[in-house]
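Every heavy atom of this structure was used, including side-chain atoms; hydrogens, water molecules and symmetry mates were not.
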Amino acid sequence: MDHLRQMMLFRTLVDKGSFTSASEALGLSKSVLSQHLKSLEGALGTQLLQRTTRSQVLTPTGREFYRQCCDIGDRVSLAWDRARESSGTLAGPIRISLPHALMEPVAAALAALVIAHPAIEPELVTEDTQVDLVSEGVDLAFRVGKMPSSSLKQRRIGQFRETLVMAQDCVRQDHYVANGWEASQVVCHLIGPKGEHKQLCFTPSVRAKDLPSVLALASAGLGVARVPTFLMQRQASLIPLLPGYTTEPVGVFAVHGYQQPPALVRAVTEAVAAKLNAGSS
């Protein structure tokens, strides 16, 4: 059992990328964690991790051992979750990453889930740029748009459309307010109410870090912005640049790094998918 615990400590150390981050996550001092690693390497008779003052690198043996630790850890989590599922229990912390555009549906889905299972402890990390799931300790991420190839598990769970909007008294309709993730040249492909197609191109004149800032700047009359249609409909200060025109549907994906996702990850994914599909357009 001591070796199993040390294997899980080793996995966390690799996942977190440093003794400092791992010790904070585990609630252990760096010296205790270092002693566990030394004991584990001594028992195995081989070095698992090469350490310098600035980095840590897995040895070839360490890479294979880490993979086995992950497999064992995932199997233990799966056994635990399935036992809990049989009793209908969902509990514990879950760290979720999402863009601002999805805050409303995700929050609503989480609220219903936590009411049904009060022992769930969600933590939301809201960023319009994608975070690294491993280094940030994220269990589940919701992402928007085309997904690149990745070792992470990805599942399309819904969609929404976007609309070009502006303030009612905006006189700078040739100016564009860009979110931080948008390119230096923005091309918007729009579909009209009768299926007609239109393409508009913009060079951003104003940039913002996140969607709330984009909404504020557009509402102030600094230019046109592209926002989720369901959010535009709740912004009294904004009107569509081209009434009836929206983008093609934008995909929403659930992303995680588990081979076998825990019950709580699956439950949150299903709850958010149901919420998105109930209000999709």
Side-chain angles (χ1 to χ4, degrees), residues 96-107 124-133 135-136 138 141-150 152 154 156-193 196-255 272 276 279-281:
I96 303 166
S97 170
L98 70 159
H100 287 87
L102 297 179
M103 176 55 77
E104 287 189 19
V106 171
L124 299 186
V125 180
T126 312
E127 292 282 351
D128 282 351
T129 54
Q130 295 184 2
V131 302
D132 182 88
L133 272 61
S135 64
E136 295 293 331
V138 171
F142 294 105
R143 292 178 174 171
V144 172
K146 186 177 180 180
M147 296 297 296
S149 297
S150 170
L152 299 172
Q154 306 173 9
R156 185 177 175 125
I157 60 170
Q159 65 183 33
F160 62 84
R161 295 176 184 268
E162 294 176 303
T163 299
L164 286 174
V165 300
M166 61 181 181
Q168 296 186 32
D169 57 352
C170 179
V171 295
R172 307 181 72 180
Q173 297 180 19
D174 58 333
H175 287 217
Y176 188 83
V177 181
N179 204 327
W181 56 266
E182 293 186 276
S184 56
Q185 293 294 319
V186 177
V187 180
C188 296
H189 301 279
L190 303 172
I191 303 174
E196 60 271 39
H197 289 257
K198 187 180 291 288
Q199 179 174 295
L200 298 180
C201 300
F202 298 93
T203 299
S205 52
V206 184
R207 283 194 172 273
K209 179 183 177 183
D210 51 41
L211 182 58
S213 300
V214 169
L215 288 168
L217 291 168
S219 296
L222 288 181
V224 174
R226 182 170 57 187
V227 304
T229 301
F230 66 87
L231 286 182
M232 183 275 293
Q233 294 168 345
R234 295 178 177 81
Q235 301 287 322
S237 60
L238 295 174
I239 60 173
L241 174 67
L242 297 172
Y245 281 80
T246 62
T247 65
E248 291 276 6
V250 180
V252 178
F253 294 81
V255 182
V272 173
L276 287 170
S280 62
S281 60

Notebook entry, point to check: Which heavy-atom pair separates Met166 from Cys170 by the least distance, and what is that distance?
Noted result: CB-CB, 4.0 Å
Next item on the list: Might you work through the side chain to side chain contact (heavy atoms under 4.5 Å, CB included) test for Arg156 and Val252, ending with a clear yes or no?
Entry: CA-CA 6 Å; Arg156 185 177 175 125; Val252 178; over 6 Å; no
Margin query: Is it the case that the side chain of Ser237 and the backbone of Ala167 share a donor-acceptor pair, with hydrogens and angles ignored and the cut-off at 3.5 Å?
Written below: no
Which atom pairs, one a donor and one an acceptor, fall under 3.5 Å between side chains of residues 182-190 and the rest of the protein, sequence neighbours left out?
{"residue": "Glu182", "atom": "OE1", "partner": "Tyr176", "partner atom": "OH", "Å": "3.4"}
{"residue": "Glu182", "atom": "OE1", "partner": "Asn179", "partner atom": "N", "Å": "2.8"}
{"residue": "Glu182", "atom": "OE2", "partner": "Tyr176", "partner atom": "OH", "Å": "2.7"}
{"residue": "Glu182", "atom": "OE2", "partner": "Arg226", "partner atom": "NH2", "Å": "2.9"}
{"residue": "Gln185", "atom": "OE1", "partner": "Thr203", "partner atom": "OG1", "Å": "3.2"}
{"residue": "Gln185", "atom": "NE2", "partner": "Thr203", "partner atom": "OG1", "Å": "3.0"}
{"residue": "His189", "atom": "ND1", "partner": "Gln199", "partner atom": "OE1", "Å": "3.0"}

Item checked: Minimum-distance pair of heavy atoms, taken over all atoms of Ala218 and Ala225 -> CB-CB, 4.0 Å
Item checked: Evaluation steps, side chain to side chain contact (heavy atoms under 4.5 Å, CB included), between Gln154 and Arg143 -> CA-CA 10 Å; Gln154 306 173 9; Arg143 292 178 174 171; over 6 Å; no
Check: With a 3.5 Å cut-off and no angle check, do the side chains of Thr163 and Thr229 form a donor-acceptor pair?
Finding: yes
Notebook entry, point to check: Quick one: are Ile96 and Phe142 in side-chain contact, heavy atoms under 4.5 Å?
Noted result: yes
Next item on the list: Determine the minimum heavy-atom distance between Gly145 and Val250, stating which atoms define it.
Entry: N-CG1, 3.7 Å
Check: Do you know which two heavy atoms are closest between Gln168 and Ala236, and how far apart they sit?
Finding: NE2-O, 2.8 Å
Next item on the list: Evaluate side chain to side chain contact (heavy atoms under 4.5 Å, CB included) for Ile191 paired with Glu248, printing each intermediate quantity in order.
Entry: CA-CA 7 Å; Ile191 303 174; Glu248 291 276 6; 3.3 Å; yes
Note to self: Restricting to side chain to side chain donor-acceptor pair (under 3.5 Å), what partner residues turn up for Glu127, sequence neighbours left out?
What the structure shows: none
Check: Do Leu215 and Val165 come within less than 4.5 Å of each other through their side chains, counting heavy atoms only?
Finding: no
Item checked: Minimal non-hydrogen separation, Arg207 against Gly180, with atom names -> NH1-O, 4.0 Å
Notebook entry, point to check: Taking the side chain from Ser213 and the backbone from Lys209, do they hold a donor-acceptor pair closer than 3.5 Å?
Noted result: no
Check: Do you know the tightest heavy-atom contact between Phe230 and Ala101?
Finding: CZ-O, 3.2 Å
Note to self: Evaluate Leu242 against Lys198 for side chain to side chain contact (heavy atoms under 4.5 Å, CB included), listing each step before the verdict.
What the structure shows: CA-CA 10 Å; Leu242 297 172; Lys198 187 180 291 288; 3.5 Å; yes
Notebook entry, point to check: Below 4.5 Å, heavy atoms only, C-beta onward: do Leu124 and Leu98 meet side chain to side chain?
Noted result: yes
Margin query: So Glu104 and Arg234, do their side chains get closer than 4.5 Å, heavy atoms only?
Written below: yes
Next item on the list: For Arg161 and Thr247, indicate whether the former's side chain and the latter's backbone hold a donor-acceptor pair under 3.5 Å.
Entry: yes
Check: With sequence neighbours excluded, what pairs up with Pro99 under the side-chain contact (heavy atoms from CB on, under 4.5 Å) test?
Finding: Leu102, Asp128, Val144
Next item on the list: Kindly indicate whether the side chain of Thr126, heavy atoms from C-beta on, has any atom under 4.5 Å from the side chain of Met103.
Entry: yes
